[in-house]
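Values below: all heavy atoms of this structure, side chains included; hydrogens, waters and symmetry mates excluded. Proteins get letters first, then strands, A, B, ... in listed order; numbering begins at 1 in each.
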Amino acid sequence: MNAVEIEEAVSDLSQEPFDAAEFPFSFLAAFGNKEATIKRLRSGNTNKSDVGGVLQRNNIHIAVAEPGQTVETLARLKASPQTERQKAKFILATDGAQLEAEELGSGEVLSCRYGDLGNNFGFFLPLAGISTVAEVKNNPIDIKATSRLNRLYVQLLKDNADWGSPDKRGDLNRFMARMIFCFFAEDTGIFQGDDLFTSTVQTMTEADGSNTRDVLLRLFDAMNTRAPDGAARPGFPSWADRFPYVNGGLFADDIGCPTFSRTSRAYLLRAGELDWKTINPDIFGSMIQAVADEDERGELGMHYTSVPNIQKVLDPLFLDDLREQLEQAGTNKRMLFNLRQRLSRIRVFDPACGSGNFLVIAYIRMREIEDEIMRRRGEALTRSAISLTQFFGIEIKSFAAEIARLSLLIAEFQCDVRFIGQAEARALVLPLHATGNIRQGNALRIDWEEVCPPATVSAEERDLGGPTGRLNLEGGSEEREIYICGNPPYQGSVNQSQAQKADMESIFKKYLKTYKDLDYVSSWFVRAAEYLKGRSGVAAFVSTNSICQGEQVAMLWPILFKLGLEIDFAHTSFLWKNNASNNAGVTCIVVGIGNLTRQKLLFEGSEVRAALGITPYLTIGERVIVRKQTSPLSPIAKMQSGNKPTDNGNFILDGEDKRSLVRSFPETERLFRRFVGSRELTQGGDRYCLWIKDNDLAVASANPEIGNRISNVRAFRLESRGKQANENAETPHRFVFSPHTGGSCIAVSNVSSERREYLPANYFSGDTVVSNLASVAYDAPLWNFSIIVSKLHLAWIATICGKLKTDYRYSNTLGWNTFPVPKLTATDKARLTRCAADILLAREAHFPATIAELYDPEMMPTDLRAAHDCNDETLERIYIGRRFRNDTERLEKLFEMYTKMTTKKERAN
DNA sequence: TATCCGACATACA
DNA sequence: TGTATGTCGGATA
C-alpha cells in the first residue's frame, strides 16, 4: 500500500461510527496488513497483548479505553512489559472520541480527536514500512490532496464515460487544473473571502449533484469575464460575480464541464475542505500525475525527481554560476543590477518536464537570488524581473502538462508572498500572468526550436552576461542563455515499446547502423546536442548510468562529440531515491553536455574535482572509447559466454533432488553435470543440470520425471517471444547455447559486488557445466587465470564494462578481448602460472570456505592476500618493471597501450 | 551464433 | 522492508 491508499483508508475509518471491538483490526487493515495476519491476531495466536488490547510484534500495541480514560490507558500500554518485549514501535489508546499515541523510538506523541485521525495518518506511516517520509510527514497536505483529487477524478470518469475518450481527456485534465486552482485560490486569499469556492458550490448546488455542472459553468464564465471598472458584471448573479476575473489562459477555453453525481459532488467538497495554501508545487505536482494515469497509480510518484537530485542538475548547470556572480558583485549596485538583468533573460527548458518540478525549482532558486540582490541593493521588491515565460517544457502526458503550467503559477504566487508580501502578492496575482510555455507532445518528435525558440541577445545584453567564475559568455554566444535540463524516461532496448523503438529510429538512423541497444534516454542527449549545435549552451539530464558504461558508450558518445559537445560536468552513479515508498530500481548519473569553454567538474558523492576533460566513462582523463571485439586484441586465451539453458528452471535440480532421483533411477546419473552460475561460483552451493547428449535422449525421455521436464522446456520455448527459444523448441533436451567442451575451464562471474578487490574466478574440471551467468575460457593455460584475478584487470573491467547498479559486470567482448597485455615470454608465463597455482592453493587451505567468504575485504585470509599480492607484483613488473602506485596509474598505462594497439591495427587494415 | 543488459529481482535479517 | 548481491532470458547483431 502506498501513502495515498493509507490516507484514504485511515480517513474512511475515522469517519465511520466507532466500533470498540473492531477498531484495532480495522486500524491495522488500514495500514496494509493482510487479512491472514489480522485473522491470526484476532484468533489470539499472534496477539501478544497483556492489557486486553491488540499487540502486533515489532509494530503496535493498541488498546480501546473506557470513555474519557485515553491518557490512563496509554500509560498502561507504556508500562506494559509486553510492549517492550515485543518491540512495539507505537502505542495507541482511544475511546472513540479522543486518541492518544506515542512513537516509542522517538518519543513523539500524538493527541487528537478520534475523527481527526485521518489528518494525522502521517504519524503512523512507519507502520507500513514507509520511513523515508520526513517531508510527507511534515506536509501531509500533498498526499491528502492527491488522494482526494484521485477519488474525484475516478468518480467523474464513472459519471461521464464519454470524457474518458482520448480526445476528451485533455478537457477533463484542464477541468481538474481549474479545480485545483480554485481550491488554492480560496485558501490563499486570491479569492476574497475564505472558502469562497467550496462554500459557493456547497450552498448553490443540490446535494444530488444535478445542477453542480451548471453552477461550475457559471463560475468559469465569471472567471473568464473582465469586470467593468469596479462595477458588477452584467448578466451574472451576485454569487458568481463575487469571483474575480482570473483567466491567464486557465479559464479561456470552453472545455465544458462534466456532470456530477451525488458522490462526485461530495468528493469535490471534500477536496475543497483541505487547506491548500501550503501545497508544495514540486512534490504535489509529481504525486498528482498519478491521478490521471492508471499505470502510475500503483507506483505513486515513483519517477519524480527529488529536490536534491534536481539540484544536482541545476546547480552546476547555471545556478552556481549565478551565485558566484552574486558573490563577486558584493554590494556593487551596478553589478547587482546587471545580474538581475541577466536573471530576467535566462531561459530554462525541460524537454521531459512532467509536472514541471525542474522548472519550479529553477524558478524558486532564481527568485531567491533576485531577493538577495534586492536586499544588497537596499531596495524593496515590488515586482519580480523573472517571468514564468522564461520557462519552457515539453511533456507527453496532457494532465502532467496541465499541472506543470499550474505548478508554475502556484510557485510564482508563493514566491511573491515570500519575497514581496501577502497583500502585494494577492494584488499582483490576478488576472493570472502568462505561465510557462509547456507544450504537450512527444519530445522526440516535435521541433525543440519551435517550443523554445532561441532568441538573439542585444550587444547590451551580452555585456551583462556573467564573465565570472566558470561561465564565459565573452566571444561566445550571440544568443540568450538557454539551459536545458530534466529527467527523461529510461528504457533498455529489451523493454522498449514499439512506439519508443520508432522514436529511436527517427533519431539514430541517420547516425548509426546499430543503435538498437541504446537506452531510450540517449535520444534526449542527441536531441539536445542537435539543438545546441551551432550555438553555445549546456544541457544536463538525470539518466540511467548505463549510457556511460559498456557497449552503449561506443554507440552514443561519438555522435555527441561529433556534434561539437563535451561533457561539461557529471555526477557519478548514485542510487535513485525519492519520497515514494516504492522507489524505482535504478542507478543514476547526471551528465551535462555543452560547448562552453569552462572548466569541467566531476562530482563523486560529496567530492568535486575540476578537470580539463571528463571521459564518457565519467572518469577524468583523455577521451578514449573502447569498442567491443569478438577476439582478443592481445595473445591471450579465447573466452566465451557460458552455457545458456532457457529452460524455465526445468534443467536445474538442487543437490538433494538430484540425488534422490539418481537413487531411484541409477541409469540417470550420467545425464547430470554439476552446474555453476554466478551464485555457485562465488557463494558455493550444490546445483546440477541435465546435460543430455543426443544419444542419451532415449534414456532421458524414458524417465517419467526427466521426460516431463523435457516436455516442459519444449512448451516454454514454444511460447516464448524470443527467437532463440522458439528455434530450439524442437531440441528441448539441449541448452540453447552450449560451448561446453568437456574439457577444464577458467570461469569468471558475470556480476560481482563492487566491494571485492578481486574478480571471482575459479578453475573447473570438465564435469562441471558453467552457466551463462559466467564467462568461460575452455582449455585455457593457467596463466590466463593470473591475469583475470589481477588488480590490473579489475581496474580495466571496472572502467570499461557495464555495471549492474554499481557492481562489476564482466564481459568477454568488452573487457577481456580489449585488455592490453604485453608480449609474454615463456618465463613470464611460467611465473604467472606459478602465481595462479599459489592462489588456488591458498584458497584450498581454507576449504570449504566459499569465494564470497574468502574475498570479503574485511575477512580476507593473509596467505590468500599474500598470494594475490605476489600475483599482482609479478604481472605489473611485466608491464612496467615495478608495481603501479594506484589504479589511476594502472588505467593510464592500459589506455595508452590500448590506443597504441588499436591504432596500429587500424593502420594495418 | 553469441552476448549485454534490466526506472531490476529477490533473498535475507 | 532496507540492505546486499546476483537470476534469467529477450532483443539484437
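Contact annotation: A:Ser546 side-chain N/O to B:dG6 OP1/OP2 distance is under 4.0 Å. Between A:Asn495 and C:dG10, a side-chain N or O to OP1/OP2 separation shorter than 4.0 Å is absent. Residue A:Thr682 places none of its side-chain N or O atoms closer than 4.0 Å to OP1 or OP2 of C:dT5. For A:Lys803, no side-chain nitrogen or oxygen approaches OP1 or OP2 of B:dG6 to under 4.0 Å. Between A:Ser678 and C:dT7, a side-chain N or O to OP1/OP2 separation shorter than 4.0 Å is present. Residue A:Arg755 has no polar side-chain atom (N or O) positioned under 4.0 Å from OP1 or OP2 of C:dG6. The side chain of A:Ser720 places an N or O atom within less than 4.0 Å of a non-bridging phosphate oxygen (OP1 or OP2) of C:dG10. The side chain of A:Asn812 places an N or O atom within less than 4.0 Å of a non-bridging phosphate oxygen (OP1 or OP2) of B:dT3. Residue A:Ser753 places at least one side-chain N or O under 4.0 Å from the OP1 or OP2 atom of C:dT5.
A:Asp519 comes within contact range of no nucleotide atom at all, as no heavy-atom separation falls under 4.0 Å.
Between A:Trp691 and A:Phe735, the gap from one ring centroid to the other is short of 6.0 Å. Here A:His793 and A:Tyr810 bring their ring centres to under 6.0 angstrom of each other. Taking the centre of each ring, A:Phe124 and A:Phe27 come in below the 6.0 Å mark.
No N or O donor and acceptor, one from the side chain of A:Arg717 and one from the base of C:dG9, sit under 3.5 Å apart. Judged by atom type and distance alone, A:Asn643 does not reach the base of B:dA2 through any side-chain donor-acceptor pair under 3.5 Å. For B:dA2, the base has a donor-acceptor partner in the side chain of A:Gln724 [N/O atoms by modelled type, under 3.5 angstrom]. One can find a donor-acceptor pair under 3.5 Å joining the base of B:dT3 and the side-chain atoms of A:Lys644.
A:Lys803 is not listed as a side-chain neighbour of A:Thr587, based on a closest heavy-atom distance of 4.5 Å or more.
Of the two residues near DNA chain B, A:Pro488 and A:Gln640, the one whose nearest nucleotide lies more 5' is A:Gln640. In terms of position on DNA chain C, the residue among A:Arg687 and A:Asp517 whose nearest nucleotide sits closer to the 5' end is A:Arg687. Projected onto DNA chain B by closest heavy-atom contact, A:Cys801 and A:Pro739 fall at different nucleotides, the more 5' of which corresponds to A:Pro739. When each of A:Arg721 and A:Gln683 is assigned the nucleotide of DNA chain C bearing its nearest heavy atom, the one mapping closer to the 5' terminus is A:Gln683.
Rounded to an integer number of Å, the gap from CZ of A:Phe716 to C1' of C:dG10 is 10 Å. What separates CH2 of A:Trp816 from P of B:dA2 is a distance of 19 Å, to the nearest Å.
The A:Arg809 side chain lies nearest to B:dC5 when the options are C:dT7, B:dC5, C:dT5.
Side-chain contact check for A:Tyr758 and A:Lys791: at least one donor-acceptor pair (N or O, by modelled atom type) lies under 3.5 Å.
Across all strands shown, C:dT7 forms no Watson-Crick or G-U wobble pair with both distances under 3.5 Å.
Ring orientation note: the planes of A:His571 and A:Phe603 are close to parallel, at an angle under 30° on the 30°/60° scale.
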